[in-house]
There are 2 protein chains.
Amino acid sequence: MMKNTRQERQADTRKAILQTALELIAEKGLDKLSLREIARRVGYSPAGLYEYFDSKEDILWTLALEGNDRLRAAAIGISSDLPIKERLTLACLAYVDFAVQNPEHFIIMNSLTTRRASLDEPVSSESSYSVFLKIIEVAIAEGELLVQENFGAEEITYGFWSLIHGMGILRLTQLRSFEADFEKMNRKAIETFITGLQ
Amino acid sequence: MMKNTRQERQADTRKAILQTALELIAEKGLDKLSLREIARRVGYSPAGLYEYFDSKEDILWTLALEGNDRLRAAAIGISSDLPIKERLTLACLAYVDFAVQNPEHFIIMNSLTTRRASLDEPVSSESSYSVFLKIIEVAIAEGELLVQENFGAEEITYGFWSLIHGMGILRLTQLRSFEADFEKMNRKAIETFITGLQ
DNA sequence: TTTTTTCTCCGAACAGTGTTCGGTATTATA
DNA sequence: TATAATACCGAACACTGTTCGGAGAAAAAA
């Protein structure tokens, strides 16, 4: 028994560490996350963790990239059969929904890019950005979205991005304990922006 | 000489501490802000600071409230003689401009609300929110903005807020070193949203 | 199987953090 | 001038992330 190979066990421990980190963030917040408590909870000594991650930041970067993948997948996952405007709306809603469903990931992504060492690793929505850009280019090509002077595809994408990113952030910070039908409000706001581009 | 009264000196020291904190945040980032380094730079011992602030968080809260006042003032300061739509646009631009001109304040405001102890002190835009709400109610009354079902004054305000808040955050994080004519893009995006409401 | 080599993991230590406490000057009040 | 309040500091406490040297276990080589 216990015929797990080295790599398998190594991968399992990594997952356990990441999972524990997420739980602790959910419980006490990102700023109170402590390597030593991760170690305690996962049954290792503090030094032991360094066999699996180079640093505390390394753990967070790993989670940030993981979140990035999920976010991107959520945006891509919208059926391409739908009318382009509905597709755009759903992609936007998926972005906000990701923030709500994965608050820890979303917060990590935002805290890391705040002070990153100028690497151009694709964190947060820097890569889901391109997904939105493509959808919007299609919408423009189909004549459903109107480009103006100084407000082409990229600028429009920036507008949508600001809108949905703001929705996600506000939801996790200022409006955390605020009760409302966000789903409906968000949809309306997104549709309003689309309407403004016609 | 040095006939400053006690209160005056106390107030001066408080200001010096706050100012130093801001400088350190600008230099190394909020997460690397250290009480001991503030003390070092201001010529006090670490313990000495506790005569002026209850804790490190107390310093940050003070700065957050200060930023809140400035933000609110900036939003209110828009001339009320202008056409209501232009007034709304300028107020939105002022919000984003505040984030760019006072990045340390803006970041503190957002990091504190992220994990606040459920006090309902008005931090960040929770109070500038009401400024926007009033402008938008006027715009609706004048027939320049159209209310829809499930999308009244408050929901519209939430939409604007998400948009400009996202602009501010993105500008200070993901798009920090990104060169573009943000002023123009932001104006266009805001006008687009307004257009969508007519 | 025995002997290396590699991998895991830990204890101890280092430098750093926020904060508290006791005591000593300094300043203002009486 | 005597008394009370204030300002400030040194030392300590409990915490943090990280490094290093050395055990013990597992895998690979002999």
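Values below: all heavy atoms of this structure, side chains included; hydrogens, waters and symmetry mates excluded. Throughout, protein chains are lettered first and strands after them, A, B, ... in sequence-line order, and every chain is numbered starting at 1.
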*Taking atom C1' of dT18(D) as reference, at what distance in whole Å does atom CZ of F53(A) sit?*
16 Å

_Short N-O contact, K28(B) and E37(B), less than 4.0 angstrom_ = yes

*Could you please name the option among dT19(C), dT20(C), dT19(D) that lies closest to any side-chain atom of S55(B)?*
dT19(C)

*Check the distance between dC9(C)'s C1' and E51(A)'s CD and give it to me in whole angstrom.*
7 Å

*Do the side-chain N and O atoms of N68(A) and S128(A) include a donor-acceptor pair separated by under 3.5 angstrom?*
no

_Phosphate contact (dG17(D) OP1 or OP2) by S34(A) side-chain N/O below 4.0 Å_ = yes

*Between atom CD1 in I59(B) and atom P in dG18(C), what is the gap in whole Å?*
9 Å

*In whole angstrom, give the distance that lies between atom NZ of K32(B) and atom P of dT16(D).*
17 Å

*Can you tell me which residue pairs pass the salt bridge (charged side-chain N to carboxylate O under 4.0 Å, His left out) test with a partner in residues 86-105 of chain A, sequence neighbours excluded?*
E86(A)-R187(A)

*asked:* Between P on dG16(C) and NZ on K56(A), what's the gap in Å once rounded to a whole number?
replied: 18 Å

*Rounded to whole angstrom units, what separation is found between the CD atom of Q7(B) and the P atom of dA5(D)?*
16 Å

*Run the ring-centre check on F106(A) versus H165(A) and record whether the distance is less than 6.0 Å.*
yes

*Residue P46(A), side-chain heavy atoms: nucleotide from dT18(D), dT19(C), dT17(C) that is nearest*: dT18(D)

*asked:* How would you summarise protein contacts on nucleotides 25-30 of chain C per nucleotide, using B for base, S for sugar-phosphate only and - for none, with heavy-atom distances below 4.0 Å?
replied: --BS--

_Tell me if the aromatic rings of F193(A) and F160(A) count as close, with their centers under 6.0 Å from one another._
yes

*asked:* Please determine whether a side-chain nitrogen or oxygen atom of Q10(B) lies at a distance below 4.0 Å from atom OP1 or OP2 of dT6(D).
replied: no

*Side chain of A47(B): nearest nucleotide among dT16(D), dG10(D), dT19(D)?*
dG10(D)

*Does the gap between the ring centers of W161(B) and Y129(B) come in under 6.0 Å?*
yes

Less than 3.5 Å apart, which donor and acceptor atoms pair up between the side chains of residues 141-155 of chain B and the rest of the protein, not counting sequence neighbours?
unit_1, atom_1, unit_2, atom_2, d
Q148(B), OE1, K188(A), NZ, 3.1
E155(B), OE1, G152(B), N, 2.9

*If you find the nucleotide of DNA chain C closest to G48(A) and the one closest to R36(A), which residue's nucleotide is nearer the 5' end?*
G48(A)

*Starting at CD1 of I17(A) and ending at C1' of dT8(C), how long is that distance when rounded to a whole Å?*
12 Å

*asked:* How many whole angstroms separate atom CG of L33(A) from atom P of dG17(D)?
replied: 7 Å

